[in-house]
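Computed over heavy atoms, backbone and side chain alike; hydrogens, waters and symmetry mates excluded.
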2 protein chains.
Amino acid sequence: MEDTRTRILLAAGELFAERGFDGASAREICERAGVNIAAINYYFGTKEALYVEAVKAAAPLFRAEALFEGREMEADTRSPAQLLADYIRLMLEHMIGQETPAWKMKLIMREMLEPTPACEAFFHQHVLTNFRHLLRILEGLLPGGIPEYRKYQIALSIVSQCTHYRAAGKLLEKIIPPELRPQFSVDHLARHITEFVFSALGLRSSFVDQWRAGKLDCGGYADALALDRNVKSE
Amino acid sequence: MEDTRTRILLAAGELFAERGFDGASAREICERAGVNIAAINYYFGTKEALYVEAVKAAAPLFRAEALFEGREMEADTRSPAQLLADYIRLMLEHMIGQETPAWKMKLIMREMLEPTPACEAFFHQHVLTNFRHLLRILEGLLPGGIPEYRKYQIALSIVSQCTHYRAAGKLLEKIIPPELRPQFSVDHLARHITEFVFSALGLRSSFVDQWRAGKLDCGGYADALALDRNVKSE
DNA sequence: TTGCCTTTCAATCGTTTGTTTCATACAATC
DNA sequence: GATTGTATGAAACAAACGATTGAAAGGCAA
């Protein structure tokens with residue numbers, strides 16, 4: 001039955017994400033899946049092969065290509081600023097959104113922290129294409145003369161802010177006071193990070209004004225948080 | 001001999017950081033330490049107790065108090081901007097600097113990603129005090145009327161950029177082209193992140209000008225990277 | 001029914017795990 | 001020199017691990 005294979009893969013993904021490769025025993029995986037221990041050997045061969053399949057099942061989430069799904073690359077009328085805003089929101093949705101299964105992103109973050117030899121090449125390619133997408137978006141925003149390393153630094157400053165909320169997830173739950181937690185939803189964080197990045201890039205005169213005026217769509221917010229209206233202006 | 005205990009603790013710290021609690025076997029730890037297996041029981045009781053000791057040995061690194069070492073809190077003449085610049089640099093030095101043992105920060109990041117029940121309370125307290133230090137620095141920079149959640153968002157945007165270079169360390173080595181790698185030293189990153197954050201906070205008119213004029217010390221840099229001089233100005 | 005192939009199951013394989021035991025070696029104290 | 005407390009070492013403990021086996025069960029065509 002194909003259903004058995006799927007159940008194993010799901011249970012394995014959840015447990016691998018929760019406790020890592022060594023922490024999740026084959027017996028517990030099969031117990032959660034409600035199948036016999038031998039099934040993991042029958043369908044996947046070894047536990048390691050099962051792990052690779054679980055990572056491969058989770059990795060497609062981590063794609064910036066989703067930004068362009070349903071659109072033609074050339075016919076895309078979005079401004080570079082809107083593209084960056086969409087990118088940030090897409091990342092955050094994957095990180096802390098409810099739609100995508102939590103275990104998939106957990107497993108991917110685990111693979112980022114310490115790459116498994118079995119998944120290394122495959123996974124590296126996935127992350128690299130995603131990162132290059134962001135670099136291309138930035139090239140539309142930044143002037144041509146900007147040195148290459150600066151693009152990398154800026155890109156990493158952007159992705160780090162997004163990934164941090166899953167990387168340090170358990171810890172943040174305890175650091176952030178409960179009454180402040182509503183301000184750390186996908187919507188709120190997407191708005192904050194986008195505004196933070198735009199402001200850092202000195203794009204306030206044009207893009208952030210559009211942003212504030214509601215001409216850029218990101219999370220359906222209309223009101224402005226007015227970052228630098230509150231900031232000390234000397 | 002006290003030396004044996006120390007050797008075990010060091011070997012355990014390195015191996016726990018490398019492969020996690022489950023991945024590092026007690027036999028391998030003792031083999032690396034050059035002691036008998038029974039020594040881990042003799043000095044620490046259980047493997048778990050040894051892990052706790054290893055984390056406790058590594059955690060003191062993660063302190064913002066180091067910013068003020070050798071100074072009197074009240075007599076500190078540094079401006080809030082300089083304090084933030086120092087904070088960023090201190091974090092980065094701990095993350096990717098050569099002075100502090102790499103395994104200590106690896107172990108701490110591992111504990112951040114998935115807190116061990118044994119270390120949870122102890123570790124939480126450590127991170128929290130560090131985070132509150134950053135919040136206090138920000139309060140000196142930002143106006144009084146700014147909402148609390150904004151301070152948290154900004155603080156997290158800052159720490160995420162610093163921690164990211166260790167959290168995704170192995171992966172970044174493959175993403176960043178070799179010829180660009182010199183630009184990702186502690187000095188270069190401290191400068192980039194500080195400037196990125198200052199610019200984002202709208203502190204360009206005062207602090208960043210001082211920064212560019214070399215009046216703020218951070219990493220000994222004198223030349224300006226001139227972020228927004230390169231940025232498209234429409 | 002019969003035969004055949006796929007799937008599931010209980011039982012067990014050889015390792016490796018963390019932990020413990022007991023005997024020994026060392027150094028200091030009486 | 002005998003004794004005591006500390007430290008180390010080789011061996012073995014039960015338990016859990018991943019992997020495998022051979023038999024049983026199920027479905028399906030002939």
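In this structure B:E31 satisfies the salt bridge (charged side-chain N to carboxylate O under 4.0 Å, His left out) test with no other residue, sequence neighbours excluded. In this structure A:K104 satisfies the salt bridge (charged side-chain N to carboxylate O under 4.0 Å, His left out) test with no other residue, sequence neighbours excluded. Residues meeting the ring-ring contact (aromatic ring centres under 6.0 Å, His included) test with A:Y87, sequence neighbours left out: none. Applying the side-chain contact (heavy atoms from CB on, under 4.5 Å) rule to B:L10 yields the partners B:E14, B:W103; only residues at least two apart in sequence or on another chain are considered. Among residues two or more places apart in sequence or in another chain, the salt bridge (charged side-chain N to carboxylate O under 4.0 Å, His left out) test is passed with A:R27 by none. Residues forming a side-chain contact (heavy atoms from CB on, under 4.5 Å) with B:E173 (at least two apart in sequence, or on another chain): none. Checked against side-chain contact (heavy atoms from CB on, under 4.5 Å), B:H126 has the following partners two or more places apart in sequence or in another chain: B:A59, B:R63, B:F122. Under the salt bridge (charged side-chain N to carboxylate O under 4.0 Å, His left out) criterion, B:R19 pairs with B:E28, sequence neighbours left out.
Dashed line: the shortest gap from a side-chain N or O of A:N41 to OP1 or OP2 of D:dT20 is under 4.0 Å. A:T4 has a side-chain polar atom (N or O) that falls below the 4.0 Å cut-off from OP1 or OP2 of C:dT8. Side-chain N/O atoms of B:Y42 include none lying less than 4.0 angstrom from OP1 or OP2 on C:dT19.
Near DNA chain C, meaning a heavy atom under 4.0 Å from it, residues 44-58 of chain A has no residue at all.
Note on residues 157-170 of chain B: pairs passing side chain to side chain donor-acceptor pair (under 3.5 Å), not counting sequence neighbours, are A:S157-B:Q161, A:Q161-B:S157, A:H192-B:S157.
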Original post:
Under the side-chain hydrogen bond (donor to acceptor under 3.5 Å, both in side chains) criterion, do B:T116 and B:E111 qualify, and how do the steps go?
Top reply: CA-CA 7 Å; B:T116 306; B:E111 200 64 22; 3.1 Å; yes
Original post:
Under the side-chain contact (heavy atoms from CB on, under 4.5 Å) criterion, do A:L138 and A:I146 qualify, and how do the steps go?
Top reply: CA-CA 11 Å; A:L138 282 178; A:I146 200 167; over 6 Å; no
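Residue A:I40 contributes atom CD1, which lies 8 Å from atom P of D:dG18 at whole-angstrom precision. A straight line from CG of B:D22 to P of D:dA16 spans 14 Å, rounded to a whole angstrom. B:D3 places its CG atom 9 Å from the P atom of D:dT8, with the value rounded to the nearest Å. Distance A:F21 CZ to C:dT17 P: 14 Å, rounded to the nearest Å.
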Subject >> Nucleotide-resolved protein contact map, nucleotides 9-15 of chain C, B/S/- at heavy-atom distance under 4.0 Å >> reply: BB-B---
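End-to-end axis angle for the helix from C:dT1-D:dA30 to C:dC30-D:dG1, using five pairs per end and rounding to 10°, comes out at 20°.
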